[in-house]
Amino acid sequence: MLYALYYPQAIKPEDTISEYSIPNTSAQPFQFTIERMRHYMGAWHSVTAVLFPDYLFFDCEKEAVEEAKGKLEEQLNQDKEIKQQLPIVPIPAELSDVLYDLSDEAHHIPMSRGIIRDGLAHVTEGPLIGYDNRIIRIDRHKRLAWLKYSDAVTRNFAKDSTSVLVAGLEITERIS
């Protein structure tokens, strides 16, 4: 089962997460990243961004959660005078399934490409293939797509909701 540890000051995108290992357990912390496009110096560049910057994720059995959490808290708090307890959040199965479907072994979601035909997005390459019906918003300028991860969410759901996931999507053509 997938769990998230809320720790806002844990890791910056340029830091390496490998220094936070949990000894004697199979649960190793990681972060989900996405490939997205940024425009600077007059050209578009592919960059990697952390999908949930305030969270460290780890995958383990329910029985091992407290042990893994304790060891991770110990590592994250080692340089602090006042130790803090970190809240752990179980990730809903629907979100966990979507994250694992879209990401590779390194927990990275690469850029997808697609077209717009008759006002609807059709993904032609990348991990978003088959997720066309879950796309609720596309920002063609920023090359991003917002996806609902739960079927219980309506199509016109707000983009800032906690029931939406962001992924890179470049629309290459519009067909009327």
Side-chain angles (χ1 to χ4, degrees), residues 2-21 27-59 72 76 89 91-151 153 155-176:
L2 186 63
Y3 293 91
L5 192 67
Y6 180 69
Y7 190 62
Q9 62 270 33
I11 308 253
K12 295 177 179 62
E14 62 273 4
D15 291 343
T16 176
I17 199 162
S18 60
E19 65 189 59
Y20 299 104
S21 64
Q28 295 304 316
F30 60 89
Q31 285 185 307
F32 286 99
T33 58
I34 63 170
E35 179 184 2
R36 61 175 298 178
M37 302 298 284
R38 289 273 169 104
H39 190 267
Y40 56 90
M41 293 176 39
W44 286 95
H45 302 274
S46 174
V47 296
T48 299
V50 177
L51 187 56
F52 305 104
D54 294 339
Y55 290 90
L56 293 177
F57 292 88
F58 59 95
D59 199 349
L72 194 54
L76 293 172
V89 181
I91 303 301
E94 289 177 317
L95 176 57
S96 176
D97 292 344
V98 170
L99 286 171
Y100 279 130
D101 283 348
L102 295 177
S103 64
D104 57 17
E105 302 82 33
H107 309 290
H108 178 72
I109 303 172
M111 192 79 172
S112 294
R113 284 165 187 56
I115 61 172
I116 293 181
R117 181 180 296 136
D118 299 325
L120 295 174
H122 297 281
V123 181
T124 56
E125 67 179 79
L128 294 181
I129 290 178
Y131 284 86
D132 302 351
N133 61 338
R134 292 182 181 251
I135 296 174
I136 58 172
R137 180 177 185 267
I138 296 174
D139 187 332
R140 291 182 68 187
H141 178 70
K142 292 183 180 178
R143 293 171 167 84
L144 291 174
W146 283 261
L147 295 95
K148 61 179 182 172
Y149 68 81
S150 171
D151 289 330
V153 178
R155 186 164 175 83
N156 59 356
F157 202 72
K159 75 168 186 165
D160 295 327
S161 164
T162 56
S163 297
V164 223
L165 187 64
V166 177
L169 175 64
E170 183 173 18
I171 299 297
T172 57
E173 186 178 1
R174 182 180 190 115
I175 303 170
S176 296

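Each residue takes its place number in the sequence, starting with 1.
Taking CG of L144 as the reference point, atom CD1 of I34 lies at 6.0 Å (rounded to 0.5 Å). The CG atom of L165 lies 13.5 Å from the NZ atom of K148; values are rounded to the nearest 0.5 Å. The structure places CG of L2 at 9.0 Å from CZ of F58, a figure rounded to the nearest 0.5 Å. Here I129 contributes atom CD1 and H122 contributes atom NE2; the two are 13.0 Å apart, rounded to the nearest 0.5 Å.
Under the 4.5 Å side-chain criterion, counting only non-hydrogen atoms from C-beta, L169 is in contact with L128. Side-chain atoms of D97 and Y149, non-hydrogen and from C-beta on, never get closer than 4.5 Å to each other. With contacts defined as side-chain heavy-atom distances shorter than 4.5 Å, the pair R137/L147 does not qualify.
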**OP:** With side chain to side chain contact (heavy atoms under 4.5 Å, CB included) as the test, would you mind laying out the steps for I175 and I115 before giving the verdict?
**Re:** CA-CA 7 Å; I175 303 170; I115 61 172; 4.0 Å; yes
Original post:
For M37 and S46, what are the C-alpha separation, side-chain angles and deciding distance, and is it a side chain to side chain contact (heavy atoms under 4.5 Å, CB included)?
Top reply: CA-CA 5 Å; M37 302 298 284; S46 174; 4.1 Å; yes
**OP:** Check the pair I136 / V164 against side chain to side chain contact (heavy atoms under 4.5 Å, CB included), numbers first and verdict last.
**Re:** CA-CA 9 Å; I136 58 172; V164 223; 3.3 Å; yes
**OP:** Evaluate the side chain to side chain contact (heavy atoms under 4.5 Å, CB included) criterion for residues I171 and I138: first the C-alpha distance (whole Å), next the side-chain angles of each, then the deciding distance (0.1 Å), finally the verdict.
**Re:** CA-CA 9 Å; I171 299 297; I138 296 174; 4.1 Å; yes
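Between W44 and H39, the shortest heavy-atom distance links the atoms NE1-CD2, 3.3 Å. Summarising the geometry of D139 relative to W146, their closest heavy-atom pair is CB-CZ3, 3.7 Å, with the distance given to 0.1 Å.
A side-chain donor-acceptor contact under 3.5 Å links D132 to the backbone of V123.
A tilted orientation is assigned to the rings of F57 and Y55, their planes being inclined by 30° to 60°.
The 12-atom threshold is exceeded at NE2 of H45, counting heavy atoms of other residues, nucleotides or ligands nearer than 6.0 Å.
Here salt bridge (charged side-chain N to carboxylate O under 4.0 Å, His left out) pairs that include residues 29-49, with residues two or more places apart or in two chains, number zero. Within the structure, salt bridge (charged side-chain N to carboxylate O under 4.0 Å, His left out) contacts touching residues 166-176 (residues at least two apart or in different chains) are R113-E170, R143-E170.
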In residues 99-110, what donor-acceptor pairs under 3.5 Å come from side-chain atoms, sequence neighbours left out?
from	atom 1	to	atom 2	distance (Å)
Y100	OH	D59	OD2	2.8
D101	OD2	Y131	OH	3.1
S103	OG	L99	O	2.7
D104	OD1	A106	N	3.0
D104	OD1	H107	N	3.3
D104	OD1	H108	N	2.9
H108	ND1	T33	OG1	2.8

